Q: 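The structure's right below; bear with me while I get my questions together.
Just so you know, ligand 1 is whichever comes first in the structure, and atom 1 is the first atom listed for that ligand. Please read these numbers as outputs of a predicted model, since none were measured by experiment.
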Amino acid sequence: MSTQVQFLNGLNTIGGNVVSFTEGNTRLVMDFGVNFAPAETPTGDLLADGTLPALPDLFTDVESDKTTTIFVSHLHLDHMGALKYLTKLTDVYMSQASADLYHVLTELGTESAPNATIKVIPFETPMMFGDFEVTFFETDHDARGAAAIRVRDGVHTFVHSGDVRLDGPHPERVNHWADILREAHIDLFLLEGTEFSFDADDEKEHVRHTEMSLQQDFGQILDEHHQLVVINPYERNIDRLEALQNTARLHGREILWDKQFATIMRAMGVADVKEIDWEAALARPHHYVIQNHFNQLHDLDQFDGQFVYLHMNGEPLGEYDPRFAELQAYLDANHVELQRLGASGHAKPEDLVALAQHVNAQKTVTWHSFKPEKEAEALRKVGLNVYLPTKGETLAY
Ligand SMILES: [Zn+2]
Ligand SMILES: [Zn+2]
């Protein structure tokens, strides 16, 4: 066996990280996201400017002697957003929960990748692709069905952490796969470093919520206010949506969801999902929470500024998105404060260090971060062998 590990994208950005493992005619690619690709930009330009990974045979009519299989660790856009650009039928493996979500998003027209043949790989069930064995491990991230991915070539073991956190509801999942990797003395560990992206100044203002403390604060806000409460969460974070609905009920309120959210939640098995009923909400605003997507912001006009607005990692996510200023201006005009009540899907810096230290790979690569060198420095301090590849670089095993 001789495996070529090539780093194709996402080495110093948050997301869009793509690596390939190639041996003979077999090529495995994981993940398959893009960071930011305006809808009107032609595929050729996205390939030329490096937005898409340099795999021209997947995005053009260029032929290749390789059989490619794609693996998606979870269904965030920065890990699967390139699927829609595929020009040839390609197998795309993901967990059952990711596939279920993908299916409903496709039905709703939110996702459309005609050349992606979605296949399910169950957790902890090794599958062979050529001479490679691939195993998905369930992990904890703010996306249901998220996985860490192990690749073995018969001699070497490579692991892609996917996106991961340790202060979420399921640290035991992460500890489980980390224990297995530690035992195996793996060769290469690709570790995300999102939370290493920010400067100390940014961090000071940053109150870190967990999914659990977010629910506690949400319940408290519901108790403290007698107005309508409006929430802006992300439709792909099914577990949080379900938890919000449960918390609201415990505090005597019903969340009313828009059609899109309700369809997704029902498809993902959330029971008793209620859709928006404006008449009911206007008549008894203190009995309800309204989920509002930015696209329907003006639905809130009818409440005349009499509502509390909780931003929960929905769109627009932050100041870098021009729509955020629009949202802020709308709330200002209505004399409503924008309250942030979100939680990160990404591990704290000290948790990433502890995770990498525990796994203790022969080589650790830091990526999926604006400052992978900062994470690398922290890992070197605890004695780990860290490597920062350049875009397009290949490591031979
Ligand atoms: Zn990501
Ligand atoms: Zn993610």
Q: Would you name the N/O/S atom of Asp163 that lies closest to the Zn ion (ligand 1)?
A: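 Distance check against the Zn ion (ligand 1) picks out OD2 in Asp163.
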Q: Taking backbone and side chain together, does Asp78 place any N/O/S atom at a distance below 2.8 Å from the Zn ion (ligand 1)?
A: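 It does: Asp78 brings an N, O or S atom closer than 2.8 Å to the Zn ion (ligand 1).
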Q: Measure the acute angle between the ring planes of Phe59 and Phe32, then classify it against the limits of 30° and 60° as parallel, tilted or perpendicular.
A: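 Parallel, since the angle between the ring planes stays under 30°.
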Q: May I ask you to say whether Arg173 pairs ionically with Asp140, meaning some side-chain N is under 4.0 Å from a carboxylate O?
A: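 No salt bridge links Arg173 with Asp140.
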Q: Report yes or no: does His79 have an N/O/S atom closer than 2.8 Å to the Zn ion (ligand 1)?
A: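 Here the distance criterion (N, O or S atom, under 2.8 Å) is met by His79, so yes.
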Q: Measure the acute angle between the ring planes of Phe136 and Phe71, then classify it against the limits of 30° and 60° as parallel, tilted or perpendicular.
A: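 Rings of Phe136 and Phe71: tilted, as their planes differ by 30° to 60°.
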Q: Establish, yes or no, whether the cationic atom of Lys363 lies under 6.0 Å from the six-membered ring centre of Tyr387 and within 45° of the ring axis.
A: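 Cation-pi check for Lys363 and Tyr387: passes.
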Q: Do any of the N/O/S atoms of His76, backbone or side chain, fall under 2.8 Å from the Zn ion (ligand 2)?
A: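 Given the 2.8 Å cut-off, His76 counts as a ligand of the Zn ion (ligand 2).
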Q: Within the 3.5 Å criterion, strictly below it, is a donor on Thr157 or Asp187 matched to an acceptor on the partner's side chain?
A: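 No, Asp187 and Thr157 have no side-chain donor paired with an acceptor closer than 3.5 Å.
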Q: Using 2.8 Å as the threshold, say whether any N, O or S atom from His368 sits that close to the Zn ion (ligand 1).
A: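 Checking the Zn ion (ligand 1) against His368, an N, O or S atom does fall under 2.8 Å.
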